[in-house]
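Just so you know, these numbers come straight off a predicted model, no measurement behind them.
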Amino acid sequence: MDVLPVKKSASETDTRKGRRLQARSLERRRKILSVAREMITSASTPSLSLYDIAHKADIPPSSLYHFFPKIEVLLQALAEEVFDAFDQCVSRPLPDQEINHWSDIGFILETRMQQYYQQNEMARALILGQHLHVDILAADHRHDDDLGRQIESIYQRYFELPVLPGDYNIFAIALQIADKVYAISHQKFGNITPTMAMEGWRAARAYLALYLPEKLQRKLHRY
């Protein structure tokens, strides 16, 4: 007796079709971002256009606009990748045995972020480039504020901190000071050189030293 093929229900067919469309959309979005990462390292950010990205990605402009209606939205997506990487630099555990002075915390964290910059051309072009997009600059400063609070909490776990200003975060400003030095290095040498990496940290440390005494009481128990 012949066995009749099982006919798929309409809902099952629609579900599979939906999954294929979703997978294709995710792949197309990944391709757009990949091309944008590549292009941003070879062109100044202000000259980057959605049409050029769509052309290089071999994707209809209308499809690209579906994901990123404005170039600012696409740049923000790339910036979020950089911000996530910096969050990971700060959230990774610190080697307790290497922390004897408050400056050791900042040095370790800045070194991690320097290394990320040095290994990521897109991050340097987007954040340290000569023509930083105004929306990315604002987003970077907002993220620095968040990152500064995270860093302050790390310092508090290790040391008894003095009363610090309440209307601005000194650790966020220290990050921005270091970035200014890194930007000079990137724009002049194409990367953060070891010398300029140390200069960035020295500038940030000198600023923090205006608020943090040379000797801070180390906490015996961290929470």
Side-chain angles (χ1 to χ4, degrees), residues 32-50 52-53 56 71-92 98 101-148 150-151 168-212:
I32 292 169
L33 290 173
S34 177
V35 169
R37 289 188 202 99
E38 178 184 346
M39 292 186 68
I40 203 171
T41 61
S42 58
S44 63
T45 302
S47 67
L48 198 64
S49 74
L50 291 179
D52 291 337
I53 295 171
K56 189 173 181 64
I71 188 65
E72 292 83 1
V73 178
L74 191 151
L75 293 176
Q76 182 64 40
L78 294 177
E80 289 298 332
E81 294 180 2
V82 179
F83 299 156
D84 287 345
F86 286 145
D87 288 339
Q88 293 175 29
C89 288
V90 171
S91 63
R92 279 161 39 202
E98 295 181 20
H101 187 269
W102 62 259
S103 63
D104 296 330
I105 296 174
F107 178 76
I108 292 170
L109 297 179
E110 279 296 334
T111 298
R112 290 176 179 177
M113 289 183 274
Q114 290 166 3
Q115 291 172 346
Y116 172 74
Y117 268 139
Q118 290 165 340
Q119 297 166 9
N120 194 304
E121 188 177 5
M122 184 276 290
R124 296 197 307 273
L126 188 64
I127 306 297
L128 305 179
Q130 187 172 3
H131 303 289
L132 183 58
H133 195 283
V134 62
D135 289 342
I136 300 304
L137 177 62
D140 186 38
H141 284 173
R142 288 194 298 271
H143 181 256
D144 282 342
D145 287 339
D146 292 338
L147 211 56
Q150 294 179 50
I151 293 173
Y168 57 90
N169 187 282
I170 66 170
F171 301 97
I173 295 177
L175 290 172
Q176 294 164 9
I177 290 172
D179 266 7
K180 291 296 184 183
V181 180
Y182 303 155
I184 293 171
S185 183
H186 166 70
Q187 293 165 25
K188 186 173 183 178
F189 303 111
N191 207 330
I192 302 175
T193 66
T195 297
M196 294 300 277
M198 182 55 67
E199 287 300 296
W201 164 239
R202 290 178 64 187
R205 187 193 187 285
Y207 171 76
L208 291 174
L210 297 175
Y211 297 89
L212 303 179

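The heavy-atom pair separating A36 from L74 by the smallest distance is CB-CD2, 3.5 Å. Taking each heavy atom of A174 and A204 in turn, the nearest pair found is O-CB, 3.5 Å. Counting all heavy atoms, side chain and backbone alike, C89 lies closest to M113 at CB-CG, 4.0 Å. Across all their heavy atoms, Q187 and L128 have their closest contact at NE2-O, 3.0 Å. Looking at every heavy atom in both residues, Y182 comes nearest to G200 through CE2-CA, 3.8 Å. Summarising the geometry of I136 relative to Q76, their closest heavy-atom pair is CD1-N, 3.9 Å, with the distance given to 0.1 Å.
Taking CG from L212 and CH2 from W102, the interatomic distance works out to 5.0 Å, rounded to the nearest 0.5 Å. Taken to the nearest 0.5 Å, the CD atom of E121 stands 12.0 Å off from the CG atom of L126. Distance check: I170 CD1 to L175 CG gives 11.0 Å after rounding to the nearest 0.5 Å. The structure places CG of L50 at 9.0 Å from CD1 of I32, a figure rounded to the nearest 0.5 Å.
Counting only heavy atoms from C-beta outward, the side chains of L33 and R37 approach each other to under 4.5 Å. Annotation: side chain of Y116 is in contact with side chain of V82 (closest heavy-atom distance under 4.5 Å). Side-chain contact between L147 and V90 is present, with at least one heavy-atom pair separated by less than 4.5 Å.
Comment: R205 does not engage E110 in a salt bridge, judged by the lack of any side-chain N to carboxylate O separation of less than 4.0 angstrom.
Side chain of D104 to main chain of H101: a donor-acceptor pair is present (N/O by atom type, distance under 3.5 Å, no hydrogens or angles). Listed for the R92 side chain is no donor-acceptor partner under 3.5 Å among the backbone atoms of R112.
Heavy atoms from other residues, nucleotides or ligands lying under 6.0 Å from OH of Y211 number more than 12.
Taking the six-membered ring where the residue is Trp, H143 and F83 present parallel rings, their angle staying beneath 30° rather than reaching 60°.
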Exercise for the section: Take D140 and D144 through the test side chain to side chain contact (heavy atoms under 4.5 Å, CB included) and record every step on the way to the result. Expected result: CA-CA 6 Å; D140 186 38; D144 282 342; 4.0 Å; yes
